[in-house]
Amino acid sequence: MGIDIRHLKDGCKIEDSNRSARINSQGYWCSFRDGASFYRRCMDGSIVLGAEARRLPAGEMDRVLEAYQGWIKNIAADNKVIRASQQLTNKDYNDVADLYREVYPEEVTILPPDRYGDIVIMPATGCPNRRCTFCAFYKDKPYRVLNEPAFAQHLADVKELYGAKVHSSPGVFLGSANAMALSQRRLMCCLALIKEKLGTFKREVSTFADPDFSAKRTTAQWNELRESGLRHLVIGLETGWGELRANLGKSGDLDKCIAMINSARRAGIHIGLTLLTGAAPGELRRENLKQTLITLESLELSGGDLIYLSPLSKNGFVHDAALEEQSEMMTVIMTMTEAKVVPYQMQRFQYFM
């Protein structure tokens with residue numbers, strides 16, 4: 001049986017005529033193709049199948065693990081990563097899942113699509129708002145800031161969990177719902193500790209930001225954050241229509257939102273802007289688009305920024321009307337902004353190994 005081995009920054013990829021796997025430097029498989037079936041392991045220990053990332057029940061997970069272990073143990077190769085993988089047991093995989101839950105007692109539930117490969121660091125957990133009617137992630141999670149010793153320990157635990165992946169990951173994402181609610185001193189301390197303990201990253205640092213629950217910052221402070229590695233803010237605008245935004249549990253006054261976006265842009269920080277589709281009743285869709293376009297015109301967005309169009313999900317189901325509005329808004333918004341406009345379905349997120 002011919003085996004092809006390709007070395008990666010944090011492990012290797014191994015392939016024969018019927019199976020392939022990506023294995024990290026510690027020997028744990030991250031993805032596994034078995035014939036026509038493609039599986040990925042999530043940080044929480046679960047396994048998902050295919051492009052739709054269908055989460056497997058326990059019995060199917062056991063079968064996939066057995067198939068992988070039966071295959072990898074029959075491969076004769078002078079490769080330390082493969083040898084490490086051959087020695088791992090189900091208990092070892094369960095121990096990694098347990099460590100993940102210790103490092104992230106509030107699980108990583110969502111990331112923007114262009115930051116899926118980032119290492120998640122949590123200087124704070126929960127959300128200071130928790131009133132958004134559409135949110136499935138933070139309603140029962142009060143906002144809590146880690147003190148400096150706890151944050152330093154969190155970084156040490158992250159380094160243990162990820163191993164060599166820390167150094168091969170493209171960037172860092174600060175969780176949970178709004179790291180920008182930290183004071184300037186605390187946020188600057190976090191950025192400094194990340195650089196000291198984990199190093200620097202090609203795509204630097206990104207975070208979610210809610211302008212209505214964030215510290216007010218001067219031009220000098222925005223510049224200070226950019227110089228310290230903050231590169232990207234992801235802001236849930238949801239709609240540019242204040243009245244509808246208030247009905248969604250956010251502030252109907254968009255002034256803070258506009259001010260934060262434009263201040264960050266002037267400092268060289270890029271913006272990811274989330275807009276919900278399907279939030280306005282059918283007869284109000286045209287007005288929602290009109291008001292949203294007016295708000296977008298007041299923002300200093302450029303080609304380095306992103307607008308995510310996310311269809312509203314109810315109980316995990318996306319209605320056709322939300323997808324229709326997503327398509328309509330994309331067609332119009334693309335003609336009036338330099339920012340890249342992309343579709344995004346938040347409920348499909350999985351935090352992969």
Side-chain angles (χ1 to χ4, degrees), residues 109-113 126-143 176-178 180-181 207-216 233-262 264 271-299 301 305-333 336-337 339 341-349:
T109 53
I110 188 67
L111 288 178
C127 177
N129 183 2
R130 295 194 292 152
R131 292 194 297 269
C132 295
T133 60
F134 56 88
C135 182
F137 306 115
Y138 300 113
K139 283 188 179 296
D140 59 346
K141 297 173 182 176
Y143 196 66
S176 184
N178 184 14
M180 297 306 294
T207 184
F208 289 124
D210 183 344
D212 294 307
F213 293 86
S214 294
K216 187 175 181 179
L233 294 184
V234 181
I235 295 173
L237 179 62
E238 319 311 352
T239 172
W241 186 8
E243 182 179 338
L244 177 59
R245 197 170 190 266
N247 290 338
L248 293 172
K250 294 202 165 187
S251 172
D253 184 351
L254 294 167
D255 289 346
K256 286 185 179 179
C257 208
I258 293 169
M260 174 183 272
I261 291 168
N262 290 340
I271 300 297
L273 203 63
T274 302
L275 294 174
L276 281 180
T277 64
E283 68 275 12
L284 297 177
R285 270 169 48 175
R286 186 177 298 275
E287 183 66 18
N288 181 39
L289 177 59
K290 174 186 172 182
Q291 295 296 330
T292 297
L293 293 177
I294 291 172
T295 297
L296 290 178
E297 286 174 350
S298 69
L299 304 178
L301 302 180
D305 302 310
L306 286 163
I307 297 175
Y308 314 109
L309 296 182
S310 180
L312 183 64
S313 171
K314 294 182 179 179
N315 300 319
F317 179 75
V318 175
H319 290 279
D320 289 342
L323 294 174
E324 290 171 6
E325 187 178 16
Q326 182 187 54
S327 179
E328 292 170 4
M329 291 186 75
M330 180 170 292
T331 300
V332 175
I333 293 173
M336 55 77 62
T337 179
V341 186
V342 296
Y344 176 34
Q345 292 199 27
M346 288 182 278
Q347 73 276 12
R348 292 187 178 179
F349 171 75

(request) Just do the side-chain contact (heavy atoms from CB on, under 4.5 Å) check on Lys250 and Cys132 with the steps written out, would you? (result) CA-CA 6 Å; Lys250 294 202 165 187; Cys132 295; 3.4 Å; yes
Please report the shortest heavy-atom distance between [X] and [Y], naming the atom on each side.
| X | Y | answer |
| --- | --- | --- |
| Val342 | Met330 | C-CE, 3.7 Å |
| Ala339 | Leu306 | CB-N, 4.4 Å |
| Ala322 | Thr277 | O-OG1, 2.8 Å |
| Gly249 | Asn129 | O-ND2, 3.5 Å |
| Tyr308 | Pro112 | OH-CB, 3.6 Å |
| Tyr138 | Cys127 | CB-CB, 3.6 Å |

Below 4.5 Å, heavy atoms only, C-beta onward: do [X] and [Y] meet side chain to side chain?
| X | Y | answer |
| --- | --- | --- |
| Leu293 | Val332 | yes |
| Asp210 | Ile235 | no |
| Gln326 | Val318 | no |
| Glu243 | Gln291 | no |
| Pro343 | Leu309 | no |

What's the separation between atom [atom1] in [X] and atom [atom2] in [Y], rounded to the nearest 0.5 Å?
| X | Y | atom1 | atom2 | value |
| --- | --- | --- | --- | --- |
| Leu254 | Leu299 | CG | CG | 9.0 Å |
| Ile294 | Leu289 | CD1 | CG | 10.0 Å |
| His319 | Lys314 | NE2 | NZ | 5.5 Å |
| Glu287 | Thr292 | CD | OG1 | 9.5 Å |
| Phe349 | Phe137 | CZ | CZ | 9.0 Å |
| Asp255 | Met260 | CG | CE | 13.5 Å |

(message) Looking at Ser298, is its backbone amide N or carbonyl O close enough to the side chain of Asn262 to form a donor-acceptor pair, meaning the two atoms are under 3.5 Å apart?
(response) yes
(message) Looking at Asn178, is its backbone amide N or carbonyl O close enough to the side chain of Tyr143 to form a donor-acceptor pair, meaning the two atoms are under 3.5 Å apart?
(response) yes
(message) One pair to check against side-chain contact (heavy atoms from CB on, under 4.5 Å): Leu296 and Leu273. What are the steps and the verdict?
(response) CA-CA 10 Å; Leu296 290 178; Leu273 203 63; 3.7 Å; yes
(message) I'd like to know if Arg245 pairs up with Asp212 as an ion pair, taking the criterion as any Lys NZ or Arg NE/NH1/NH2 lying under 4.0 Å from an Asp or Glu carboxylate oxygen.
(response) yes
(message) Does atom NZ (Lys139) have a neighbourhood of more than 12 heavy atoms from anything else shown, all under 6.0 Å?
(response) yes
(request) Could you check Thr239, Asn288, Ile333, Thr295 and say which one makes a side-chain contact (heavy atoms from CB on, under 4.5 Å) with Leu275? (result) Ile333
(message) Run Ile307 and Leu237 through side-chain contact (heavy atoms from CB on, under 4.5 Å) and show every step you take.
(response) CA-CA 10 Å; Ile307 297 175; Leu237 179 62; over 6 Å; no
(message) Determine whether Leu323 and Gln345 satisfy the following criterion, side-chain contact (heavy atoms from CB on, under 4.5 Å), listing intermediate values before the conclusion.
(response) CA-CA 10 Å; Leu323 294 174; Gln345 292 199 27; 3.8 Å; yes
